[in-house]
Every structure is written in structure tokens, then in C-alpha cells.
Participant: 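Once you've had a glance at the structure underneath, I'll fire off some questions.
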Amino acid sequence: MATGVRLDLDGRPIKPMTICMIGAGGFIGSHLCEKLMAETPHKVLALDVYNDKIKHLLEPDSLPWAGRIQFHRLNIKNDSRLEGLIKMADLTINLAAICTPADYNTRPLDTIYSNFIDALPVVKYCSENNKRLIHFSTCEVYGKTIGSFLPKDSPLRQDPAYYVLKEDASPCIFGPIEKQRWSYACAKQLIERLIYAEGAENGLEFTIVRPFNWIGPRMDFIPGIDGPSEGVPRVLACFSNNLLRREPLKLVDGGQSQRTFVYIKDAIEAVHLMIENPDRANGQIFNVGNPHNEVTVRQLAEMMTEVYAKVSGEPLIEVPTIDVSSKEFYGEGYDDSDKRIPDMTIINRQLGWNPKTSLWDLLDSTLTYQHRTYAEAIKKVIAKPVAS
């Protein structure tokens, strides 16, 4: 941790604070905890059901930040300790969510409860106890772009006004109710509206974060290794699983959807700025992504295949990709957004933040980690005889 007086963006000393982090044991939480322990004097009350991804921060007691991070094993659905822990903190960060696209279709009720109903007490306790809240939402709240409703050959589809997503201007356009893929986005949008209303009516100090595909080590899981065999993680972990098993990468509906990807360490720097600059972050909704790292899912698969061959030293497989329908891959009721390109005006103006890491470099870092962490375990699983 850096010594000396630490200053915020306006030159004021930053006071040490206690942060209640819900979902601290996940992908984003683990990287944020690392950042806070290594670079700040802040204390973290780390709440989660599991702590595998932050165990290295909790043990042993000789670590330089010993005593500044406490793990509390709890499920926010039904634990009476939640309000007391929020009261102990200066700031609450809510990362808890079901956020895997395969679940939106197959577990729509769990998805809605996790992202709206279970988040209600957190908002309520923060508002009633005058505690600041940083709530993690999703870029999926934007739904489909205006451009996706234009004729395929319309030149306006290439006009950024019809597809770049702005926090304070873009509409939130979802598909029909029968397309249950939108259960996640709808629940996330409703909790955003509730938080905004608490701010307007009851003075809740809040910041809403809309992540655009944060990528890096410890993301998601590899099915059959540290997650369920039948599980379907998000696209990067899905493709990593295919590469590790030397299987073709499955492109849903041809992989034509366009996405942007940002490196987790760049994104965590943005959250760090929000934490330590409340006057600039309160009442704001922030896109956090990298519009320069835009690719189709097919292009992503091609890049990952090339990068993985480099980091693993293994030759390319003969058939690197195969096309599958969304119905076959996700089940009935799937729908998708065509593009997700964030406008960065607000976060750049308020916090001076810009992402730095190229798509190639973030894939190199992530796939090096995936290969180092999972390659031997995958080989053992593949080598096991299948029971008759």
C-alpha cells in the first residue's frame, strides 16, 4: 500500500473507510478486494457464500493487510446479519447477481429474484441508515439498439447515434415477454429505477455501474472443473473451455453479435475512482467498457484461437468453429442485442477514466491464466475412462 497522504481528484485527503462488499468472493469482487488491500488503507467486510477466489487475501495472518479484510459467509436472501454489516460500513458495494445468459432462459424466476427482489433489502438498509451505495447493474439494461429496428441496408445503421449507448439518453428496448432472455435486463433496470427513486425522494447517495463485458483471470468457471458439468458460462469462459478441451468453438447464430470487452484491471481502476471520489460519483450512472475493443463474437473466437495457440504451444485444431442456433444452445425463448458499444463521455468527464488494455493483450493475459490454471485438470478429466 502506498504511504503518505492520498488525495482525491479534487486534491482533498482521502479518509480511510469501511466498505461492505456483497459478492466479494466473485470475479469482480476478488479483483476489487486485491486493489483495495494493496493500494489503500480501507477495510473490507467481504460478504459471500464462497471465498475460493479471495482465500489468498484472507490467509495467512502475516499478510500486510491482515485485519483489514473480514470474510462473512452469508446469503443476502435470508440472513439477519445483513443490516448490521451495512450499518458498520461507510459504503456498501452490491455485486451479488445471477448474471449468466444461459440462466436467463432456464431459470427466469431465480434470475428475477436474484437481481431485483434480493437486492431490495440492500437498497432499503442503505437508504434508511444514510449509507452510500455503489450498485452493479449491467449493460444489458439498454437491450436492443435503435439501429437494430432499421432496414438491414439502411445507411443509418452505421451512424453512432443509432447504436452507441448513452447513460442519460439511450432508451432501454427489450424483446417480447415470451423471450425470457430479457428477465435479467428487466430486473436490473427495475432495481436501477428504484435506486434512482430512493435518491430523488429519500436522499440516498448512490452510484450505478453498467459493466460492458469485463474480462480477465478468475472469470466465471470451467464446466466440470470448478463449476457444474452441464453449466454454460459466459462467452469468454465458454470459448476457453472449448480451447482447453481442443473442441470447436460454438458460434451462436453465426457469431454475428457485436460486443466490446474491457480488461478487469482497467475496470477496477474505474471503480476505485468511484469509491474515493464520492462528490464526483454520487447520483451518477457510469458505463464502464472499452469501445475500442469492439468485435463480432466470430472475430473474438478467431482471436482467442490464435492467442491460445501462442500461450499453450499447441497446434490449431482442424475445425476451429461450428455454428449452432440460439435455440439449440440456450433453449426456447432466447433473444439477443445486436451491438453493445458504450459512450464514455460521463465517466471521462466525472472521473477522468479511460481504459488502456487492447483486446489482444487482455486475451493474452486471460488465456495464459486459463491455460496455467486448468490445462492439467482438463487433461485428467479427458483421460478418465467413461463409466458404462
Side-chain angles (χ1 to χ4, degrees), residues 26-28 97-107 111 138-140 142-144 165 181-182 184-185 210-228 230-264 267 288-291 293-308 311 320-331 334-342 357-371 373-374:
F27 164 56
I28 296 173
I98 287 178
C99 52
T100 307
D103 290 327
Y104 309 160
N105 265 14
T106 57
R107 299 170 58 203
T111 299
T138 172
C139 61
E140 293 217 12
Y142 292 109
K144 302 187 178 199
L165 302 170
R181 185 251 194 279
W182 299 109
Y184 172 67
R210 292 179 180 167
F212 281 71
N213 298 300
W214 297 9
I215 301 298
R218 301 195 292 273
M219 182 182 177
D220 283 2
F221 60 91
I222 297 298
I225 303 300
D226 56 0
E230 69 283 0
V232 182
R234 285 169 287 189
V235 63
L236 188 126
C238 266
F239 285 172
S240 296
N241 183 44
N242 296 142
L243 291 165
L244 286 158
R245 295 174 188 272
R246 297 192 58 74
E247 300 169 347
L249 279 60
K250 294 179 179 178
L251 300 177
V252 175
D253 295 336
Q256 294 310 303
S257 295
Q258 291 172 275
R259 297 289 183 267
T260 59
F261 298 89
V262 65
Y263 190 42
I264 183 66
V288 182
N290 189 337
N293 286 347
E294 181 195 358
V295 285
T296 65
V297 174
R298 180 178 289 277
Q299 289 169 330
L300 176 70
E302 291 166 354
M303 283 186 74
M304 287 183 67
T305 301
E306 188 178 346
V307 172
Y308 189 72
V311 302
T321 62
I322 55 171
D323 288 1
V324 298
S325 70
S326 54
K327 183 177 178 181
E328 179 186 349
F329 193 81
Y330 288 117
Y334 187 76
D335 198 8
D336 207 354
S337 53
D338 52 326
K339 279 179 177 249
R340 290 202 204 119
I341 316 299
T357 309
S358 70
L359 183 57
W360 180 274
D361 286 345
L362 76 83
L363 290 176
D364 187 272
S365 169
T366 305
L367 290 174
T368 297
Y369 170 86
Q370 301 283 60
H371 180 72
T373 306
Y374 295 111

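FYI, the numbering just counts along the sequence from 1.
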Participant: Below 4.5 Å, heavy atoms only, C-beta onward: do Arg234 and Cys99 meet side chain to side chain?
Facilitator: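 Yes, at least one pair of side-chain atoms sits under 4.5 Å.
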Participant: Can you confirm whether Asn290 sits close enough to Tyr263 that some side-chain heavy atom of one is under 4.5 Å from a side-chain heavy atom of the other?
Facilitator: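 The answer is no, as the side chains (C-beta and beyond) never meet within the 4.5 Å cut-off.
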Participant: Is there a side-chain contact between Met303 and Leu363, using heavy atoms and a 4.5 Å cut-off?
Facilitator: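 Yes, close enough: below the 4.5 Å cut-off.
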Participant: Kindly determine whether Val252 and Val324 satisfy side chain to side chain contact (heavy atoms under 4.5 Å, CB included), including the steps that lead there.
Facilitator: CA-CA 5 Å; Val252 175; Val324 298; 4.2 Å; yes
Participant: If we check side-chain contact (heavy atoms from CB on, under 4.5 Å) with Leu244, which of these qualifies: Ile225, Leu367, Ile222?
Facilitator: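 Answer after filtering Ile225, Leu367, Ile222: Ile222.
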Participant: Hey, is the main chain of Leu359 close enough, under 3.5 Å, to the side chain of Asn293 for a donor-acceptor pair?
Facilitator: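 Indeed, once roles are kept as given, a pair shorter than 3.5 Å links the two residues.
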Participant: Checking the side chain of Arg340 only, and the main-chain atoms of Glu140 only, is there a donor and an acceptor separated by less than 3.5 Å?
Facilitator: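 Checked: no pair found.
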Participant: So which atom in Ser325 and which in Asp253 form the shortest heavy-atom distance, rounded to 0.1 Å?
Facilitator: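 Smallest heavy-atom distance, with atoms named: CA-OD1, 3.4 Å.
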Participant: In Å, rounded to the nearest 0.5 Å, how long is the span from CG of Leu165 to NZ of Lys339?
Facilitator: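 So the gap between those two atoms works out to 10.0 Å.
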Participant: Just say parallel, tilted or perpendicular for the rings of His371 and Tyr308, cut-offs at 30° and 60°.
Facilitator: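 Perpendicular.
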Participant: Show, in sequence, the C-alpha distance, side-chain angles and deciding distance for Trp214 and Met219, and conclude whether the side chain to side chain contact (heavy atoms under 4.5 Å, CB included) test is met.
Facilitator: CA-CA 9 Å; Trp214 297 9; Met219 182 182 177; over 6 Å; no
Participant: So, Ser240 side chain and Leu236 main chain: donor-acceptor pair closer than 3.5 Å or not?
Facilitator: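 Side chain of Ser240 to backbone of Leu236, a donor-acceptor pair under 3.5 Å: yes, one is there.
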Participant: Answer with yes or no whether the side chains of Thr111 and Asp103 bring together a donor and an acceptor at under 3.5 Å.
Facilitator: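 Checked: Asp103/Thr111 side chains show no N/O donor-acceptor pair below 3.5 Å.
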Participant: Could you go through the side chain to side chain contact (heavy atoms under 4.5 Å, CB included) check for Ile215 and Phe27 one step at a time?
Facilitator: CA-CA 9 Å; Ile215 301 298; Phe27 164 56; 5.7 Å; no
Participant: Measure the shortest side-chain to side-chain distance between Ser365 and Trp360 over non-hydrogen atoms and say whether it is less than 4.5 angstrom.
Facilitator: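 SC-SC contact between Ser365 and Trp360 ruled out.
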Participant: Are side-chain heavy atoms of Thr321 and Leu249 found at a separation under 4.5 Å?
Facilitator: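 In short, these two side chains touch, coming nearer than 4.5 Å.
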Participant: Between Phe329 and Cys238, does the side chain to side chain contact (heavy atoms under 4.5 Å, CB included) criterion hold? Intermediate values first, please.
Facilitator: CA-CA 11 Å; Phe329 193 81; Cys238 266; 4.1 Å; yes
Participant: Counting distance only, does the side-chain N/O of Asn105 pair as donor-acceptor with the main-chain N or O of Arg181 below 3.5 Å?
Facilitator: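 Flag set: sc Asn105 to bb Arg181 pair under 3.5 Å.
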Participant: Is the number of heavy atoms from other residues, nucleotides or ligands under 6.0 Å of Gln299 CD greater than 12?
Facilitator: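 Correct, the count exceeds 12.
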Participant: Do Phe261 and Thr366 have side chains that approach each other closer than 4.5 Å (heavy atoms only, starting at C-beta)?
Facilitator: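 In short, these two side chains do not touch, never coming nearer than 4.5 Å.
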